[in-house]
**Student:** 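Dumping the structure here so I can ask a few things about it.
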Number of protein chains: 2
Amino acid sequence: MPQVTEEIPHPAREQLELSAVLHALSEPVRLDMVARLAACELDDEPTCGSFDVAVTKSTCTHHFKVLREAGVIRQRQRGTARLNTLRRDDLEARFPGLLDAVLRSAVVHG
Amino acid sequence: MPQVTEEIPHPAREQLELSAVLHALSEPVRLDMVARLAACELDDEPTCGSFDVAVTKSTCTHHFKVLREAGVIRQRQRGTARLNTLRRDDLEARFPGLLDAVLRSAVVHG
DNA sequence: GCACTCGTACGATGGTTGTCGTACAAGCGA
DNA sequence: TCGCTTGTACGACAACCATCGTACGAGTGC
């Protein structure tokens, strides 16, 4: 049977919008998620539950959805778990230097 | 008598918050304002009215206020006019590379 | 003085959003 | 099989926000 790895909708690289990305990153909880994701090894794909954020599960789902729809992260399903990765390459291609600048600032100040 | 140039409240450099800056820049109208401001000569200080944006005066005032309170721009009064400048140095000091990355992306894609 | 311009302040309004609780679907493991 | 875990979906709710119109205060120029 076919492996179900990508039934979750994601915007294509060319469709990424600066406003949406900035808006997604302007939320402290989401920025925290992205910073943690960025701190992971390249081949590591943490699940949603592995993020120890100060909100409930449903709020967490909401934030991941915002990040995914803005094109900041990519999600794929494995069993009941949902694996998350930063879309570094796509972001870098569309908005060179942006993610690095945000992450550097986010890490330095709280 | 003292010249009244700075009775308008601005956050200090150390008080600038990444979330607030990203949020301010995530609005297309405001991003447009900032991009125009960035395109000005260094010694040029355009007034609020010189921005040909697609919103009414009061909405314009609102957006300038958001940008000012986030620390993205500085405003000073001269007569009835209000002169605007980008806080390039402060932004660069707190969030190195961020403004440039945003502006570069904003200019490239509409 | 008087009209005009610049920009703010205030209130209203409709849309967006961050948060949560509950219910549910799907896989994992004993 | 029977829980347990993962995460989503949906509804609710309060807070926020972008927008506008109107009214106003303060300079500017005739």
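Atoms considered below: every heavy atom in the structure, side chains included; atoms not considered: hydrogens, waters and symmetry mates. Within every chain, numbering begins at 1; the chains are lettered A, B, ... in the order of the sequence lines, protein sequences first and strands thereafter.
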**Student:** Any residue in residues 48-58 of chain A with a heavy atom nearer than 4.0 angstrom to DNA chain D? Just list them by number, or reply none.
**Tutor:**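 Those residues are A/Cys48, A/Gly49, A/Lys57, A/Ser58.
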**Student:** For residues B/Cys48 and B/Gln75, report the shortest heavy-atom separation together with the two atoms involved.
**Tutor:**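 Scanning both residues, the minimum pair turns out to be SG-NE2, 3.7 Å.
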**Student:** CD of B/Glu27 to OG of A/Ser19: how many Å apart, nearest 0.5 Å?
**Tutor:**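 So the CD of B/Glu27 and the OG of A/Ser19 are separated by 7.5 Å.
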**Student:** If you assign each of A/Arg30 and B/Lys65 to its closest nucleotide in DNA chain C, which residue comes earlier from the 5' end?
**Tutor:**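 Per heavy-atom nearest nucleotide, the more 5' residue is B/Lys65.
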**Student:** Using modelled atom types only, decide if a donor and an acceptor are shared between the side chain of B/Gln15 and the backbone of B/Ala12 within a distance under 3.5 Å.
**Tutor:**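 Present.
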**Student:** Specify the separation, in whole Å, of atom CG of B/Leu22 and atom C1' of C/dT17.
**Tutor:**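 The distance from CG of B/Leu22 to C1' of C/dT17 comes to 17 Å, rounded to the nearest Å.
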**Student:** Under 4.0 angstrom, heavy atoms only, what part of the nucleic acid is A/His63 near: base, sugar-phosphate, or nothing?
**Tutor:**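 If one applies the 4.0 Å heavy-atom cut-off, A/His63 turns out to touch the sugar-phosphate alone, with no base involved.
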**Student:** Given atom CD of B/Gln77 and atom P of C/dG7, what is their separation to the nearest angstrom?
**Tutor:**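 It works out to 8 Å between those atoms.
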**Student:** From the 5' end of DNA chain D to its 3' end, which nucleotides mark the outer limits of contact with chain A, defined by a 4.0 Å heavy-atom distance cut-off (strictly under)?
**Tutor:**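 Both ends considered, the range comes out as D/dT6 to D/dA9.
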**Student:** With distance as the sole test, does A/Arg30 use its side chain to make a donor-acceptor pair with the main-chain N or O of A/His63 at under 3.5 Å?
**Tutor:**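 Not confirmed, A/Arg30 side chain does not pair with A/His63 backbone.
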**Student:** Which one of A/Asn84, A/Leu67, A/Thr85, A/Asp44 satisfies the side-chain contact (heavy atoms from CB on, under 4.5 Å) criterion with A/Leu37?
**Tutor:**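 That would be A/Asn84.
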**Student:** Taking five pairs at each end, how big is the angle between the two axes of the helix from C/dG1-D/dC30 to C/dA30-D/dT1, to 10°?
**Tutor:**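 Here the local axes at opposite ends form an angle of 20°.
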**Student:** By nearest nucleotide on DNA chain C, pick out whichever of B/Thr80 and A/Val29 is the more 5' one.
**Tutor:**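 Residue closer to the 5' terminus by nearest nucleotide: B/Thr80.
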**Student:** Verify the neighbour count for atom CD of B/Glu45: are there more than 12 heavy atoms of other residues, nucleotides or ligands below 6.0 Å?
**Tutor:**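 Enclosed.
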**Student:** Is the backbone of B/Ser105 close enough, under 3.5 Å, to the side chain of A/Arg94 for a donor and an acceptor to pair up by distance?
**Tutor:**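 Here the side-chain-to-backbone pair does not exist.
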**Student:** If I compare all heavy atoms of A/Val53 with all of A/Asp32, which pair ends up nearest, and what's the gap?
**Tutor:**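 Result for this residue pair: CG1-OD2, 4.0 Å.
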**Student:** Side chains of B/Ser58 and B/Thr61: any donor to acceptor distance under 3.5 Å?
**Tutor:**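 No, no side-chain donor-acceptor pair sits under 3.5 Å.
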**Student:** Shortest non-hydrogen contact from A/Ile73 to A/Arg87?
**Tutor:**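 Heavy atoms only, the tightest pair is O-CD, 3.4 Å.
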**Student:** Let me know the distance between NE2 of A/His23 and C1' of C/dT16, rounded to the nearest Å.
**Tutor:**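 That distance rounds to 8 Å.
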**Student:** Distance only, no hydrogens: is a donor on one side chain within 3.5 Å (strictly under) of an acceptor on the other, for A/His10 and A/Arg74?
**Tutor:**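 Checked: A/His10/A/Arg74 side chains show no N/O donor-acceptor pair below 3.5 Å.
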